[in-house]
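From a predicted model like this one, the values you see are computed outputs, not experimental measurements.
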Amino acid sequence: MIKRFTLVFDEVMKQKLAEAITKANCREVIKKWLDRLEQLGPDAGKLLDNHVWLYEMKSKHPPLRLYYHYSKTAEKIVLFELEMKTSEKKQQKTINRLHHNLNP
């Protein structure tokens, strides 16, 4: 397995991942996501906003969403948010907050 992209986590994201990994079904999903991100880079998820290169990965069982940003110049992927899927309204609120953080 060749790792082509570097994953970057902030402290909040590290805590959220540590909490999510304690659940067995979440651990496997997150492990697969991180492996796919290291191999495929931004192509592993769905592009939400091409102005700030905000991407999303989803899972139905368990209901999780992972948001990340791709930096072309550094060839790195910055993981921002991991949350449980609840509603489209909450999803849009999260996307708007992340967009604002990336593009002040």
* Asked: Backbone N or O of W53 within a donor-acceptor pair of the N50 side chain at under 3.5 Å?
  -> no
* In terms of side-chain heavy atoms, does Y68 have a donor or acceptor partner in E81 at a distance below 3.5 Å? -> no
* To do: Can you measure from CZ (R65) to NZ (K90) and round to the nearest 0.5 angstrom?
  => 8.5 Å
* In terms of hydrophobic clustering (I, L, V, M, F, W, Y; side-chain heavy atoms under 4.5 Å; direct or indirect links), are M13 and L7 co-clustered? -> yes
* Lys/Arg-Asp/Glu bridge criterion (N-O < 4.0 Å) met for K14, E11 -> yes
* Asked: Are side-chain heavy atoms of P62 and V29 found at a separation under 4.5 Å?
  -> yes
* Which atom of T94 lies closest to which atom of E83, heavy atoms considered -> OG1-OE1, 3.1 Å
* Is M84 linked to I30 within one hydrophobic cluster, defined over Ile, Leu, Val, Met, Phe, Trp and Tyr using a side-chain heavy-atom separation of less than 4.5 Å? -> yes
* Side chain to side chain, R4 and E75, heavy atoms closer than 4.5 Å -> no
* Yes or no on ring-ring contact (aromatic ring centres under 6.0 Å, His included) for Y67 and F80, after CA distance, side-chain angles and deciding distance? -> CA-CA 6 Å; Y67 298 96; F80 283 117; 9.3 Å; no
* Asked: Between the side chains of N96 and Q92, is a donor N or O closer than 3.5 angstrom to an acceptor N or O?
  -> yes
* Check whether the side chains of Q91 and E56 place a donor and an acceptor atom closer than 3.5 Å, and report yes or no. => yes
* Indicate yes or no: at least one non-hydrogen side-chain atom of L64 is less than 4.5 angstrom from one of C26. => yes
* Is it true that L17 and Y55 fall in one hydrophobic cluster, defined by side-chain heavy atoms closer than 4.5 Å? -> yes
* Asked: Is atom NZ of K85 surrounded by more than 12 heavy atoms (other residues, nucleotides or ligands) closer than 6.0 Å?
  -> yes
* To do: To the nearest 0.5 angstrom, please state how far the NE2 atom of H100 sits from the CD1 atom of I95.
  => 16.0 Å
* Asked: L82, V12: one ILVMFWY side-chain cluster at the under-4.5 Å cut-off?
  -> no
* **K76 side, atom NZ; H69 side, atom NE2 - distance, nearest 0.5 Å** => 8.0 Å
* Would you give the length of the straight line joining atom CE of M57 to atom CG of L37, rounded to the nearest 0.5 angstrom? => 5.0 Å
* Cluster link V52 to L79, ILVMFWY, side chain under 4.5 Å -> no
